[in-house]
Amino acid sequence: MNLTEDLTRVPERETGGKTAQERLDYQTAWGLLKLLELHEKGRGYAVAFEFHDDIAELDDISAPKVINFYQVKTTKSGSWSLAQIAQLRGKTQGSKSSYAGRMFDNLVRFGNAVSKVSFVTNRPLTDYPSAVGEVPMSGADAKKLKKFVSALKLECPRFDEHAHLPLYGFLECGLDLQRFEETLLGETTLFLERMIGGGEHARIFHLMLSDECRRKSRRLSDLASLDELLRSKFLTREDIDSRLASFKRRRDNRPAWSSVSGHLHLPWREEMALERAWRAYETRRLARVNASMFAFEEKLRNAVADTVNSAQTLMQGVSAALAVARPLVEEAFGPVDDDFVKAAILYEYQR
């Protein structure tokens, strides 16, 4: 079989469920940083979350030839050693496996298509003190490496030191366990500045991608085609280009609060409360880039336009449209107060 066939036919290992939410969030953050890095290189790619390993990377979406696997693990203190990476873990003897053994499993499953299997973490490898960036495990301390290989051969009798060890990598990624979200937000801001000329609302874009990555990480039943698999499990260059274009349009086309505030003629406390609701609505709206949200925006605008247009003042029109707008807004956002509904009416009417 070629790689395309392997991707759709090779069954995934039983994972035994998710680990701590903190680790999943860290894993997602690193995967997103990898995604942004690949996108800026300008070539095709596809990145999967929780597909045979924590992160999987294809070189192409239409005819993939190469796949890389990344196991993302964290520790709150200390360092990693080769012995820890080769240590058997599991509840029962028959189910025990090591991180290194799981990495080898992907070498067996995908054969020559695998370019590397890397262990990604937030802490250094004591057996490779001079490591900078991603390094081959074969360059670690010779004595420790010999024990690592022996342990792996006991666990995986098919492991061939000469054929397989060169594919093992280690990456201390530099992503701090306590501040990874802050780092991701900063990198997302810089990415947006380079890609679409401005990093405003980077948190929204980053949350949007994070949520999508979590959806992609859900375990799926068997898929019959590569296209189905890519849609369900992977984010591709085309996906990110589409998200960028849509995000830029929505950001550039958003109405300014100043365009409506001068027509409200409200006491200052009421105006400030309404402005806060406007900001809250805008943030939640921008975070949702999907067909149902686009349909909601159009439906709300059409539902209130005639009522607002026929009113003597803008706020009279908004108040008159409140009853028809509320069920639409709450269907999209859940229970909200009157100011949020009024802000939604103003925002979509003005847009």
Side-chain angles (χ1 to χ4, degrees), residues 1-10 12 27-72 103 106-107 109-118 120 133-134 136 166-169 171 173 175 184 187-197 199 202 205-206 208-218 220 222-249 289-291:
M1 290 190 293
N2 59 31
L3 180 55
T4 300
E5 294 172 331
D6 285 345
L7 288 168
T8 55
R9 296 180 185 178
V10 173
E12 293 191 68
Q27 172 184 311
T28 300
W30 185 83
L32 278 171
L33 288 175
K34 184 68 178 176
L35 191 76
L36 301 185
E37 173 194 325
L38 291 170
H39 197 85
E40 293 206 68
K41 289 182 177 178
R43 63 172 188 260
Y45 65 83
V47 173
F49 295 75
E50 294 287 347
F51 178 69
H52 291 282
D53 217 326
D54 295 330
I55 306 292
E57 170 199 344
L58 294 175
D59 64 325
D60 185 70
I61 60 168
S62 56
K65 298 288 191 299
V66 175
I67 187 167
N68 297 320
F69 291 102
Y70 302 92
Q71 226 175 92
V72 184
M103 294 161 77
N106 282 327
L107 294 177
R109 289 166 178 261
F110 292 92
N112 293 333
V114 183
S115 174
K116 63 181 175 182
V117 287
S118 287
V120 180
E134 191 169 6
L167 303 177
Y168 276 72
L171 173 61
C173 65
L175 194 59
L184 178 57
E187 291 297 324
T188 302
T189 301
L190 294 174
F191 175 76
L192 291 175
E193 288 176 354
R194 292 189 291 265
M195 293 293 105
I196 59 175
F205 189 77
H206 136 243
M208 180 183 70
L209 287 185
S210 296
D211 287 344
E212 186 157 9
C213 292
R214 289 190 181 92
R215 289 195 300 272
K216 299 282 187 182
S217 71
R218 294 172 184 164
L220 300 174
D222 293 339
L223 298 169
S225 71
L226 181 62
D227 285 343
E228 285 181 304
L229 180 65
L230 289 171
R231 285 195 302 271
S232 300
K233 295 294 291 181
F234 285 81
L235 279 170
T236 68
R237 167 169 292 280
E238 288 72 15
D239 291 331
I240 300 304
D241 279 338
S242 174
R243 304 302 185 275
L244 284 168
S246 180
F247 182 77
K248 186 176 187 301
R249 282 196 305 272
V289 185
N290 52 50

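- Between the side chain of Asp241 and the backbone N or O of Glu238 there is no donor-acceptor pair closer than 3.5 Å.
- Classification of the Phe110-Phe69 ring pair by plane angle, with boundaries at 30° and 60°, yields tilted.
- Asp59 approaches Lys65 most closely through the heavy-atom pair OD1-N, 3.0 Å.
- Of all the heavy atoms in Thr236 and Ala46, the pair that sits closest is CG2-CB, 3.9 Å.
- Proximity of Glu187 to Glu37: side-chain heavy atoms (C-beta onward) are nowhere separated by under 4.5 Å.
- No donor-acceptor distance shorter than 3.5 angstrom exists from the side chain of Asp53 to the backbone of Ala56, with no hydrogens or angles considered.
- At a threshold of 4.5 Å between non-hydrogen side-chain atoms, the residues Ile55 and Phe49 count as touching.
- A donor-acceptor pair is defined here as one N or O able to donate and one able to accept, closer than 3.5 Å; no such pair exists between the side chain of Lys116 and the backbone of Pro166.
- Atom CD of Gln27 is separated from atom CG of Leu175 by 12.0 Å, given to the nearest 0.5 angstrom.
- A distance of 12.5 Å separates CG in Asp60 from CD1 in Ile67, rounded to the nearest 0.5 Å.
- Under the 4.5 Å side-chain criterion, counting only non-hydrogen atoms from C-beta, Leu192 is in contact with Leu244.
- Annotation: side chain to side chain donor-acceptor pair (under 3.5 Å) contacts of Asp211 (sequence neighbours excluded): none.
- A search for side chain to side chain contact (heavy atoms under 4.5 Å, CB included) contacts involving Leu36 returns Thr188, Phe191, not counting sequence neighbours.
- Using a 4.5 Å heavy-atom cutoff, the side chains of Phe234 and Ile61 are not in contact.
- For the pair Val72 and Asp54, the tightest heavy-atom approach, listed with the atom from each and the gap, is N-OD2, 2.7 Å.
- Contact check for Val47 versus Tyr70: no side-chain heavy atoms found under the 4.5 Å cut-off.
- No side-chain donor-acceptor contact under 3.5 Å links Asn68 to the backbone of Glu57.
- Between Leu171 and Trp30 the shortest side-chain heavy-atom distance falls below 4.5 Å.
- Residues Arg43 and Leu38 have side chains in contact (heavy-atom distance under 4.5 Å, counting atoms from C-beta outward).
- Atoms CZ and CD, from Arg194 and Glu40 in turn, are 4.0 Å apart once rounded to the nearest 0.5 Å.
- Atom CG of Leu32 sits about 9.5 Å away from atom CZ of Phe205, to the nearest 0.5 Å.
- Atoms OG and CG, on Ser210 and Leu184 in that order, are 5.5 Å from each other to the nearest 0.5 Å.
- Side-chain contact between Ile240 and Met195 is absent, with no heavy atoms from C-beta onward closer than 4.5 Å.
- The structure places CE of Met103 at 6.0 Å from OG of Ser118, a figure rounded to the nearest 0.5 Å.
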